[in-house]
Amino acid sequence: MPELPEVETLARGLQQTVAGRRIVAVTLGKTDFIDDPAALEQFLPGRAIERVERFGKFMLLRLRTGVDSAAGDSLLVHLGMTGHLSPHPAAEPSSKHTHVRFLLDNGRELRYTDARRFGRMAYFAAEQLPAELGRFGADPLEITEFEFFALLKSRKSRIKALLLDQSALRGVGNIYADESLWRARIHPKRVAANLSSQEAKKLHKSLQQILREAIALRGSSISDFLDAEGEPGEYQRHHRAYGREAEPCYRCKTLIRRAIVAGRSSYFCPNCQRPPRLPRPAARHRRRVTHKRRAASQ
DNA sequence: CGTTGAACCTGTTTGC
DNA sequence: TGCAAACAGGTTCAAC
């Protein structure tokens, strides 16, 4: 569910609804996705949520200090594939897979729900936070064209793998990687370092445009993403590649194809997005029968 | 360095 | 209808 636009949408919503509220009590269910469950119970009650930010695909709940305790302690929340975080009336029955409940001082409860528990929750003291955040790459909305080109040049991985690599760029996931590549007309299997400066420039622009457009429409709701008010996003209506296997390309009518790239389903137009010349080094055991090179087929 | 596949866990959709 | 397989917005790790 959650990539940069969805997390941004949720962070903005929570900033409006829970920022300034004090956490009265913490109730935990299953905790295998929490770094240190006891720390939540120990340090959160009594603290107020100063503000809610997005960092890559993480939500960062900045905690206000009590009296003289260190400022800047934070709760890091990653939604994984199926995570949800939203306020509910405290009296409302919890839905299935609700694993964390933060009772607030206004009669509401901020609840974390996650069927698959691929998400992550962790309390970080201010001193430890920079090291944790430092593991991630540039924010795709802030990276400059020049930095982006340099990043591509430094990697010999496929462009799709690079876009998904959170240590290179933080926040891009499967949907927006495919949408950006489609808009920039770049095949997901292209080697990043082989993109021309013009292609890199186009991809940089496409990526930022798409993320901004998606944020403006409050993200993509494929099956279940809901913002802090329980509303679905609208950007799924604008998808041009993701999830459109066998449907006509919006530019050229060629049928969109699906292939596994970087271990993920990847959707692209085989006509608009030309494959790399030598898709893969030929397998060693294959007979070298290619006196004439055949056109790459994918 | 990079890639692939499996694992983590549950739910939903698809195919026979 | 029933059951199994495939698939899902993510991340991590072993093996190659």
Side-chain angles (χ1 to χ4, degrees), chain A residues 1-10 29-35 54-59 76-85 95-99 112-122 132 135-137 140 151-181 188-194 210-211 214-215 217-227 232-239 241-246 258-267 276 278-285:
Chain A
M1 159 181 58
E3 300 182 34
L4 187 154
E6 292 75 37
V7 179
E8 177 72 29
T9 297
L10 197 50
K30 290 185 178 178
T31 59
D32 56 355
F33 61 96
I34 303 175
D35 284 25
R54 174 189 65 76
F55 183 87
K57 294 176 188 172
F58 285 89
M59 317 253 332
L76 220 51
V77 180
H78 194 297
L79 302 172
M81 293 275 261
T82 51
H84 295 277
L85 187 65
S95 58
K96 200 177 178 186
H97 303 305
T98 296
H99 305 302
Y112 180 76
T113 302
D114 187 353
R116 296 176 75 179
R117 306 199 303 286
F118 282 179
R120 179 185 173 201
M121 195 174 287
E132 176 65 16
R135 301 166 42 206
F136 299 91
L151 176 63
L152 265 51
K153 278 299 173 195
S154 75
R155 301 297 184 100
K156 60 183 180 182
S157 60
R158 294 166 171 177
I159 185 61
K160 167 101 181 215
L162 184 150
L163 291 174
L164 293 178
D165 182 350
Q166 302 299 297
S167 72
L169 288 175
R170 63 175 120 107
V172 181
N174 208 28
I175 292 177
Y176 299 102
D178 280 4
E179 292 300 310
S180 302
L181 290 168
K189 287 188 177 179
R190 291 281 303 282
V191 170
N194 291 347
I210 282 170
L211 292 174
I215 290 170
L217 292 181
R218 302 183 344 280
S220 300
S221 293
I222 301 298
S223 62
D224 60 0
F225 169 71
L226 299 177
D227 67 19
E234 299 292 334
Y235 194 71
Q236 66 281 3
R237 299 181 184 184
H238 296 258
H239 292 177
Y242 184 82
R244 300 195 64 247
E245 182 179 17
R258 181 170 77 97
I260 302 299
V261 183
R264 312 292 300 281
S265 276
S266 301
Y267 302 86
L278 301 172
R280 296 272 76 196
R284 239 178 295 99
H285 65 276

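Protein chains get the first letters and strands the later ones, always in sequence-line order, with residue 1 at the start of each. This is a predicted model, so every value here is computed, not measured.
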(request) Using the P atom on both, measure B:dA6 against C:dA5 and round to a whole Å. (result) 14 Å

(message) Any side-chain to backbone donor/acceptor pair from A:Glu245 onto A:Tyr267? Under 3.5 Å, distance only.
(response) no

(request) Would you mind classifying the nucleic acid contact of A:Ser221 as base, sugar-phosphate or nothing, using non-hydrogen atoms under 4.0 angstrom? (result) base

(request) With the side chain of A:Tyr242 defined as its heavy atoms from C-beta on, choose the nearest nucleotide among C:dG9, B:dC9, B:dT4. (result) C:dG9

(message) Donor-acceptor pair, distance only, cut-off 3.5 Å: does the side chain of A:Asp178 make one with the backbone of A:Ala241?
(response) no

(message) I'd like to compare against my own output: the B/S/- annotation of nucleotides 11-16 of chain C with a strict under-4.0 Å heavy-atom distance to protein.
(response) BS----

(message) I'd like to know if A:Ser223 reaches the base of C:dG9 with its side chain, counting only an N/O donor and acceptor under 3.5 Å.
(response) yes

(request) Could you tell me whether A:His78 and A:Phe58 have their ring centroids closer than 6.0 angstrom? (result) yes

(message) So, OP1 or OP2 of B:dT10: does either fall under 4.0 Å of a side-chain N or O from A:Lys30?
(response) yes

(message) Side-chain N or O of A:Lys96 versus OP1/OP2 of B:dG11: is the shortest distance under 4.0 Å?
(response) yes

(request) Go ahead and write out DNA chain B as dot-bracket, 5' to 3': ( ) for pairs within the strand, [ ] for ones crossing earlier pairs, | when the partner sits on another strand, dots for unpaired; Watson-Crick or G-U wobble, both distances under 3.5 Å. (result) .|||||||.|||||||

(request) Among B:dC9, C:dA8, C:dG9, find the nucleotide with the atom closest to the side chain of A:Arg258. (result) C:dA8

(request) Rounded to whole angstrom, note down the C1' distance from B:dT3 over to C:dG9. (result) 22 Å

(request) Look only at the side chain of A:Arg120 and the backbone of A:Ala122, and say whether a donor-acceptor pair between them is shorter than 3.5 Å. (result) no

(request) Look at A:Ser265 and C:dA8 and indicate whether a side-chain polar atom (N or O) is within less than 4.0 Å of OP1 or OP2. (result) yes

(message) Donor-acceptor check, side chain of A:Glu3 to backbone of A:Gly171, threshold 3.5 angstrom: yes or no?
(response) no

(message) Taking the P atom in each of C:dT1 and B:dT10, what is the distance between them to the nearest angstrom?
(response) 27 Å

(request) Measure centre to centre between the rings of A:Tyr242 and A:Tyr235, then say whether the value is under 6.0 Å. (result) no

(message) Is A:His97 close enough to B:dC9 that one of its side-chain N or O atoms is under 4.0 Å from OP1 or OP2 there?
(response) no

(message) Within the 4.0 Å heavy-atom criterion, would you say A:Tyr176 contacts the bases, only the backbone, or no part of the nucleic acid?
(response) nothing

(message) Tell me if a side-chain donor or acceptor on A:Gln166 pairs with a main-chain N or O of A:Leu164 at a distance below 3.5 Å.
(response) yes

